[in-house]
Number of protein chains: 2
Amino acid sequence: MSNTETASSNTLLAITQLRDLIFSGQLGAGTDHLEGELAERLGMSRTPVREALLRLECQGLVEVRRRKGVRITPFTPKDMAEVYDVLTELEGLAAARAAARNLSDDDLAPMVQAIADMEAAVAVCNRDDWAAADDIFHCELVRLGGNDRISMITQIMADQMRRARLVILYIRPAPMHSSKEHRKLVDAIRAGDADLAKQIQRQHRTVAKGLLLQLLERHHLSVL
Amino acid sequence: MSNTETASSNTLLAITQLRDLIFSGQLGAGTDHLEGELAERLGMSRTPVREALLRLECQGLVEVRRRKGVRITPFTPKDMAEVYDVLTELEGLAAARAAARNLSDDDLAPMVQAIADMEAAVAVCNRDDWAAADDIFHCELVRLGGNDRISMITQIMADQMRRARLVILYIRPAPMHSSKEHRKLVDAIRAGDADLAKQIQRQHRTVAKGLLLQLLERHHLSVL
DNA sequence: ACTGGTTCTAATGTATGCGTAAAATTCAAC
DNA sequence: GTTGAATTTTACGCATACATTAGAACCAGT
């Protein structure tokens, strides 16, 4: 997940680097950090770091507190529930809209490919690759839904639970049958059955929510 | 809607002032502005203005473009459709969740009051007051839903369409029967009927979406 | 030792200046 | 007149310095 793109500006660079530090856990959940420290760590002045932090705050990844440095936003089971509830609604609508658009096989190709990648990853028990393909699948789904705001929101939600997801990825049971659901979703979209597509995606997220919350509780992961 | 709170920092002050300038149309949709100009206009240096603009960009109110100044984000009928679709889903869920919570009459009092205010405003044909009460009603609804992310998102959506709403407010038919729907929603929540509450709110937003898009088209308002 | 107020410190909030790169302009060649 | 390169302009990106203030440390009086 390391973001090695060359960012043309220091601010952009700071954003990607801070994101990596947060997602990798090097900046732990709930920990406080000074602008100056972060600036030195990234090898630039406070200004671009500050701007990066402001943007990350809008995305709910950090909290800038007046004269108290920034806190890496903790992620609790309640947050997980909130995120999944939002995803259930918005991805459900996106699925329905995608189905209503009479998409060609070419349009659906990326999703089909993502499913294949997930299955390949499951076959060799590579959970990171599975997660990456899953990301692409959901991203494509909302993109095909055609509502840019939904795409933006789901992207932010995905980022907010990235740390938690990383942990869960390795304590959850292997996602064996999820690709079967994914196929059914693509079929419903291809068939133009909006109601079915919505129902499948809602079900997918609702079940996942229950599973993940159960896992978090069982492992006493009250904050990530 | 003028925000006269004393902001302790210049950045906060810049945010509220820029918002007012945008919502009032003094910074017109699609127009470009230089950081320097805005800073001078607000009587402060570029730094806090820049930070304010970054925050407003996260909320979709402006777009900062490399060395081209900031553009006040235009709002088109497509945007309106997107916003209403998001609101339909998220407020629908919020309504259902609020209904599932066995709320007391005290909890519901703000919504009831808002309905009364809307009716009073309609009675004297004061559309601004009606809009303000309507804002409060929807804000309370999502708050009672208990999902902070939904509250945040709906707030941002409301801001994005604020300009458009202001125009529409005066060309739409008077909202005579909307308070009847609102009452039914509150009743459903009070009765704990989650499905009905969700259905009522979804219907409310769906109908409004159709009405507003029709109005925009009829008046050739393709950008606001 | 405890409490109240004062001083001090340090981190952020803000201003400012300079370097840079993109856009605009000019000018020359065709 | 048009095109394209060189030049100039200019607005932002970023570094830096200073002001402000929240919180810590400290001191004196009880």
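Reminder, nothing fancy here: chain letters follow the sequence lines and each chain counts from 1.
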Of the nucleotides [options], which has the atom closest to the [X] side chain?
{"X": "A/Lys68", "options": "D/dA15, C/dA23, D/dG23", "value": "D/dG23"}
{"X": "A/Glu35", "options": "D/dC12, C/dT12, D/dA15", "value": "C/dT12"}
{"X": "B/Pro48", "options": "D/dA15, C/dT14, C/dA22", "value": "C/dT14"}
{"X": "A/Arg46", "options": "C/dT14, D/dA15, D/dC14", "value": "C/dT14"}

Could you state the [atom1]-[atom2] distance from [X] to [N], rounded to the nearest angstrom?
{"X": "B/Arg71", "N": "D/dA11", "atom1": "CZ", "atom2": "P", "result": "16 Å"}
{"X": "B/Leu53", "N": "D/dA11", "atom1": "CG", "atom2": "P", "result": "15 Å"}
{"X": "A/Asp32", "N": "C/dA11", "atom1": "CG", "atom2": "C1'", "result": "13 Å"}
{"X": "B/Leu34", "N": "D/dG13", "atom1": "CG", "atom2": "P", "result": "12 Å"}
{"X": "A/Glu40", "N": "C/dA10", "atom1": "CD", "atom2": "C1'", "result": "15 Å"}
{"X": "A/Leu13", "N": "D/dA15", "atom1": "CG", "atom2": "P", "result": "11 Å"}
{"X": "B/His33", "N": "D/dT10", "atom1": "NE2", "atom2": "P", "result": "20 Å"}
{"X": "B/Arg67", "N": "D/dT9", "atom1": "CZ", "atom2": "C1'", "result": "13 Å"}

If you assign each of A/Glu51 and A/Arg66 to its closest nucleotide in DNA chain D, which residue comes earlier from the 5' end?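 Whichever sits nearer the 5' end wins; that is A/Glu51.
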For DNA chain D, whose closest nucleotide is more 5', that of A/Met44 or that of B/Gly36? B/Gly36
Taking only side-chain nitrogens and oxygens of [X], does any of them come within less than 4.0 Å of OP1 or OP2 of [N]?
{"X": "B/Asn10", "N": "D/dT20", "value": "no"}
{"X": "A/Arg50", "N": "C/dG13", "value": "yes"}
{"X": "A/Thr47", "N": "D/dC14", "value": "no"}

Is a side-chain donor-acceptor pair under 3.5 Å present for A/Ser104 with A/Asp107?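 Yes.
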With rounding to the nearest 0.5 angstrom, report the [atom1] to [atom2] distance, [X] to [Y].
{"X": "A/Leu53", "Y": "B/Leu54", "atom1": "CG", "atom2": "CG", "value": "11.5 Å"}
{"X": "B/His219", "Y": "B/Leu216", "atom1": "NE2", "atom2": "CG", "value": "9.0 Å"}
{"X": "A/Leu224", "Y": "A/Thr73", "atom1": "CG", "atom2": "OG1", "value": "13.0 Å"}

Which of parallel (below 30°), tilted (30 to 60°) and perpendicular (above 60°) describes B/His138 and B/His182? perpendicular
